[in-house]
Amino acid sequence: EFREVLAARLRVLGPDHPSTLAARHEIARMLGARGQHEQAEREFREVLAARLRVLGPDHPGTLATRHAIAHELGERGQHEQADREYREVLADEERVLGPDHPSTLATRHGIARMLGERGQHEQAEREFREVLAAKQRVLGPDHPSTARTRTALGAQQSRGEGQAAQ
């Protein structure tokens, strides 16, 4: 479906229209969801180059693509590089969107996940707790994103306890 949308947008709007770039972003997201992380990262990087050129570095779409690249790096096991990417986009999201914006909180969730993946369990748990508190305040306790962070915190606590027992 997204490929059909992309074809129509390319034909009607052209390759650099923001809606065309949004369709390409969604295709990359679907590649990642299907486990094709290397291909997804490549597509996201192409979308990023276009969004930087067309929309600029501070546009929310550009920031979302940068976040997506960090996510794909994490999925590919490149945790240190993903952490760096997340932290760079976080600084820009806090400046542009604010510290309580859902995208900013999602990036903080990604940083917490990378901390855990890199064995920094106490820091990861602390970050997940802070993100959870912010999401409960901003999104509410029943929001799906809040629930994901709550689940990730529980998993992190289990991992941290397992490490402590060893």
Side-chain angles (χ1 to χ4, degrees), residues 21-22 24-52 55-163:
L21 297 176
R24 288 185 65 194
H25 180 100
E26 290 305 311
I27 289 169
R29 193 173 63 79
M30 290 297 103
L31 289 168
R34 292 190 340 220
Q36 298 171 316
H37 301 295
E38 189 172 332
Q39 190 176 353
E41 182 190 343
R42 269 196 313 274
E43 181 65 18
F44 278 129
R45 288 193 184 281
E46 289 179 17
V47 171
L48 177 61
R51 280 184 161 176
L52 284 167
L55 303 173
D58 290 342
H59 188 277
T62 305
L63 296 172
T65 300
R66 290 176 58 202
H67 174 104
I69 289 169
H71 176 80
E72 292 304 325
L73 288 167
E75 290 298 307
R76 292 180 55 217
Q78 297 178 5
H79 302 130
E80 287 183 31
Q81 188 177 355
D83 184 72
R84 278 193 305 275
E85 296 280 341
Y86 275 130
R87 289 177 190 278
E88 288 175 10
V89 75
L90 176 64
D92 290 335
E93 286 174 332
E94 287 178 333
R95 178 177 52 78
V96 174
L97 304 173
D100 288 337
H101 190 280
S103 296
T104 306
L105 296 175
T107 298
R108 288 185 62 198
H109 179 110
I111 290 170
R113 193 170 67 89
M114 290 306 102
L115 287 167
E117 292 291 342
R118 294 173 54 214
Q120 299 173 346
H121 301 295
E122 288 180 24
Q123 298 95 316
E125 185 177 334
R126 189 169 37 254
E127 184 66 15
F128 275 130
R129 284 186 188 284
E130 290 177 14
V131 172
L132 179 60
K135 284 184 175 184
Q136 287 175 327
R137 185 179 79 262
V138 173
L139 302 173
D142 298 326
H143 191 278
S145 184
T146 305
R148 278 190 297 277
T149 299
R150 188 179 302 109
T151 299
L153 172 61
Q156 181 56 54
Q157 289 171 324
S158 295
R159 287 176 71 189
E161 290 169 4
Q163 289 293 104

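What you are looking at is a predicted structure, and each value in this text was computed from that prediction instead of being measured. Numbers for residues simply follow the sequence, beginning at 1.
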Inset, instruction - Search all heavy atoms of P141 against all heavy atoms of T146 and return the closest pair with its distance. - result: O-CG2, 3.8 Å
Legend entry - Listed partners of H25 passing ring pair (Phe, Tyr, Trp, His ring centres under 6.0 Å), at least two apart: F44
Inset, instruction - Find out whether E94 and T107 are in side-chain contact, i.e. whether some heavy atom of one side chain is under 4.5 Å from a heavy atom of the other. - result: no
Legend entry - Separation between CG of L97 and CG of D92, rounded to the nearest 0.5 Å: 9.5 Å
Inset, instruction - Please check if the side chain of T104 supplies one atom and the backbone of G98 the other of a donor-acceptor pair under 3.5 Å. - result: yes
Legend entry - Counterpart residues, side chain to side chain donor-acceptor pair (under 3.5 Å), relative to R148 (two or more places apart): none
Inset, instruction - With the side chain counted from C-beta on, respond yes when R150 and Q136 share a heavy-atom pair under 4.5 Å apart, and no when they do not. - result: yes
Inset, instruction - Provide the closest heavy-atom pair for A82 versus G74 in the form atom of the first, atom of the second, distance. - result: CB-N, 3.5 Å
Legend entry - Closest non-hydrogen atom pair, L52 against T62: CD2-CG2, 3.6 Å
Legend entry - Nearest atoms (heavy-atom pairs only) where S145 meets L139: CB-CD1, 3.9 Å
Inset, instruction - Kindly say whether H79 contributes a backbone atom to a donor-acceptor pair with the side chain of R118 at under 3.5 angstrom? - result: no
Legend entry - Reported CG-to-CD distance for the pair L153 and E130, which is rounded to 0.5 angstrom: 11.5 Å
Legend entry - pair L63-H67: side-chain heavy atoms closer than 4.5 Å: no
Legend entry - Those residues that, when tested against R137, pass side-chain contact (heavy atoms from CB on, under 4.5 Å) (two or more places apart): D100, A134
Legend entry - Least distance between heavy atoms, A124 atom then A112 atom: CB-O, 3.4 Å
Inset, instruction - Of all the heavy-atom pairs spanning I111 and D83, show the shortest one and how long it is. - result: CG2-OD1, 3.9 Å
Legend entry - Minimum side-chain heavy-atom gap E127-M114 below 4.5 Å: no
Legend entry - Reported NE2-to-NZ distance for the pair H143 and K135, which is rounded to 0.5 angstrom: 8.5 Å
Legend entry - Salt bridge present between R42 and E38 (N-O < 4.0 angstrom): yes
Legend entry - Salt bridge present between E85 and R66 (N-O < 4.0 angstrom): no
Legend entry - Q156 side, atom CD; E117 side, atom CD - distance, nearest 0.5 Å: 8.5 Å
Inset, instruction - Could you check H109, R113, E93, Q81 and say which one makes a side-chain contact (heavy atoms from CB on, under 4.5 Å) with Y86? - result: R113
Inset, instruction - Calculate, to the nearest 0.5 Å, the distance between atoms CD and CE belonging to E26 and M30 respectively. - result: 6.0 Å
